[in-house]
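These notes are about the structure you will find just below.
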Amino acid sequence: MALIVQKYGGSSVADAESIKRVAKRIVDTRRAGHDVVVAVSAMGDTTDELLDLANEVAPIPAPRELDMLLSSGERISMALLAMAIHSMGFEARSFTGSQAGMITDSQHGAARIVDVTPVRLREALDEGAIVIVAGFQGFNRDTRDITTLGRGGSDTTAVALAAALDADVCEIYSDVDGIFTADPRVIPKAQKLDHVSSEEMLELAANGAKVLYIRAVEYARRHGVLIHARSTFSSSEGTYVLGEGMKNPREAEGAVMEEPIVAGVATDFSQAKITVAGVPDVPGKAAEIFKIVAKSGANVDMIVQNVSATGRTDISFTVPKADAAGALKALAGEQTEVGFQNLIHDDQIGKLSVVGAGMRTHSGVSATLFEALSAGGINIEMISTSEIRISVVLRDTDLTEAARTVHTAYGLDGDAEATVHAGTGR
Ligand code: ASP
Ligand code: MG
């Protein structure tokens, strides 16, 4: 008998029918003899609808009240789910984040979990109940207020519960079948991965893959939680996310796992490029520029500086599209102080990343990427690398074709087209 934590995203509990389907899945797990703890998201688009409502009554809703409002979404789904389980003849008890002992810092809208004290959950489990916990929310001890963990926070709730309860596995259910070698909507020949390392998963998530949230994967990595990302809509197994030294459960069953050099290809259309042109090529200018950008709140990703011939240089960097206007305004405001000549904004870019832990030990991985792009006649505008990732910035109109070419070049294409549900992975 195992202790299994399951997380169901909003699309898995969008209406009464879906809630009953999830309830059945939970009951089946219980019937198999396991203890079950469930973290649940708000139904469908509830969180977005509540946000819209808040913005209708106040231009800048008070953060404390916004958390009170948003946390109610998960209260609805947790109670309905418990009722659905009762009607199948099983004992279930729902708990808010604070009842479940999710202790966070006091930062409304982006709270971090600082402690988990699942006393009431343990009691309920000991009494044979299925435990349902509202995802995405916690409680701060100093302010004694309800907090929320930021969008997509239910993944983190589930992983934190799994860590605190020492669960055998944390199953994250959504409307996609697992982690793929690429987004199947971009690359139809993408294949579901049997497993992926947590460091690869972090790179994939940070570079455009949307199935799992970065914070949840980080938490799992730090606390040694085994994640199994799988679909609510099928019974087939999904993808295991393995932390350091973790054994693949399927390997224990005798399967032999071949480690590919490249785990996947990620695509990201959400970045914009800013070029600060004609920057005096003297010490301290990069520091000045990125201090200004940081102060504007923009999150810088790639940076490239050109060689200077004339005592001036161009510095280009990428930021999320939504941050670009703020960064440009902040830089324009300090043009004379920094002494650059002009600013160029380009939001027609796409980023392609190739991720694989095998890059550490295999040479030629980047050559394969550049050859594939060259054969496709695709121009590269920026390049950046980490130990296990190579990213390039291209024209956005080239990105899909480039991703397909590169996916083929690394031998990642599957024989059949992946089943693509309408899903978004949430
Ligand atoms: N309901 C919250 C959101 O939509 C949390 C979650 O779904 O994980 O962001
Ligand atoms: Mg949601």
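Model, not experiment: these values are computed from the prediction.
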Legend entry - Residue pairs passing the ring pair (Phe, Tyr, Trp, His ring centres under 6.0 Å) test where at least one lies in residues 306-360, sequence neighbours excluded: Phe290-Phe317
Legend entry - ring-ring contact (aromatic ring centres under 6.0 Å, His included) against Tyr8, all qualifying residues, sequence neighbours excluded: Tyr173
Inset, instruction - Identify, with sequence neighbours excluded, every residue that meets side-chain contact (heavy atoms from CB on, under 4.5 Å) alongside Ile261. - result: His362, Val365
Inset, instruction - Sequence neighbours left out, what passes salt bridge (charged side-chain N to carboxylate O under 4.0 Å, His left out) with Asp168? Give chain and number order. - result: none
Inset, instruction - Can you tell me which residue pairs pass the side chain to side chain donor-acceptor pair (under 3.5 Å) test with a partner in residues 284-298, sequence neighbours excluded? - result: Lys285-Glu288
Legend entry - N/O donor-acceptor pair under 3.5 Å between Lys273 side chain and Gln348 backbone: no
Legend entry - Side-chain heavy-atom pair Val36, Val38 within 4.5 angstrom cut-off: yes
Inset, instruction - Only pairs at least two apart or in different chains count here, so list each salt bridge (charged side-chain N to carboxylate O under 4.0 Å, His left out) that has a residue in residues 326-348. - result: Asp346-Arg395
Inset, instruction - Say whether Thr313 and Asn306, considering side chains only, have a donor N or O and an acceptor N or O under 3.5 Å apart. - result: no
Inset, instruction - State, without any angle test, whether Ser197 and Glu200 hold a side-chain donor-acceptor pair at a distance under 3.5 Å. - result: yes
Inset, instruction - Compare all side-chain heavy atoms of Leu3 with those of Val37 and state whether any distance is below 4.5 angstrom. - result: yes
Inset, instruction - Could you check if a side-chain atom of Ser316 sits within less than 4.5 angstrom of a side-chain atom of Ile303, using non-hydrogen atoms only? - result: no
Legend entry - Of Ser154, Ser174, Ser12, the residue whose pairing with Ser41 passes side-chain hydrogen bond (donor to acceptor under 3.5 Å, both in side chains): Ser154
Inset, instruction - Measure the shortest side-chain to side-chain distance between Val393 and Ile383 over non-hydrogen atoms and say whether it is less than 4.5 angstrom. - result: no
Legend entry - ring pair (Phe, Tyr, Trp, His ring centres under 6.0 Å) partners of residues 365-402, not counting sequence neighbours, each pair once: none
Inset, instruction - Give a yes or no answer on whether the side chain of Asn55 reaches the backbone of Leu51 with a donor-acceptor pair at less than 3.5 Å. - result: yes
Legend entry - Partners meeting side-chain contact (heavy atoms from CB on, under 4.5 Å) with Asp301 (sequence neighbours left out): Gln271, Thr318, Lys351
Legend entry - Ser231 side-chain N/O to Phe233 backbone N/O, donor-acceptor pair under 3.5 Å: yes
Legend entry - Point-to-point distance, once rounded to the nearest 0.5 Å, from NE2 of His108 to CG of Leu70: 11.5 Å
Legend entry - CG on Leu328 to CD1 on Ile344, rounded to 0.5 Å: 10.5 Å
Legend entry - Modelled atom types, side-chain donor and acceptor of Gln6 and Thr29, under 3.5 Å: yes
Legend entry - Asp396 side-chain N/O to Gly350 backbone N/O, donor-acceptor pair under 3.5 Å: no
Inset, instruction - Quick one: pull up NE2 in His228 and OH in Tyr240 and give me the separation to the nearest 0.5 Å. - result: 4.5 Å
Inset, instruction - Could you grab the distance from atom CD1 of Ile113 to atom CG of Asp105, nearest 0.5 Å is fine? - result: 10.0 Å
Legend entry - Donor-acceptor pair, side chain of Thr239 and main chain of Gly178, under 3.5 angstrom: no
Legend entry - Ion pair check, Arg360 and Glu199, cut-off under 4.0 Å: yes
Inset, instruction - Sequence neighbours left out, what passes side-chain contact (heavy atoms from CB on, under 4.5 Å) with Gln341? Give chain and number order. - result: Arg312
Inset, instruction - With sequence neighbours left out, write down each residue that passes side-chain contact (heavy atoms from CB on, under 4.5 Å) with Asn140, or none if nothing qualifies. - result: Thr104, Ser106, Asp142, Thr143, Thr147
Legend entry - Carboxylate-amine/guanidinium proximity below 4.0 Å for Asp155 and Lys7: yes
Legend entry - Polar contact flag, side-chain donor to acceptor under 3.5 angstrom, Asp398-Asn379: no
Legend entry - Donor-acceptor contact below 3.5 Å, side chain Asn248 vs main chain His195: no
Inset, instruction - Report yes or no: does Ser77 contribute a side-chain atom to a donor-acceptor pair with the main-chain N or O of Glu74 at less than 3.5 Å? - result: yes
Legend entry - Side chain Ser384, main chain Met302, donor-acceptor under 3.5 Å: no
Inset, instruction - State which residue, out of Gln191, Arg404, His407, fulfils the side-chain hydrogen bond (donor to acceptor under 3.5 Å, both in side chains) condition with Asp413. - result: His407
Legend entry - Within residues 111-123 or reaching into it, pairs that qualify as side chain to side chain donor-acceptor pair (under 3.5 Å) - sequence neighbours excluded: none
Legend entry - Test: Glu218 and Arg221 ion pair at under 4.0 Å: no
Legend entry - Residues that Asp145 engages under side-chain hydrogen bond (donor to acceptor under 3.5 Å, both in side chains), provided they are two or more places apart: Arg64
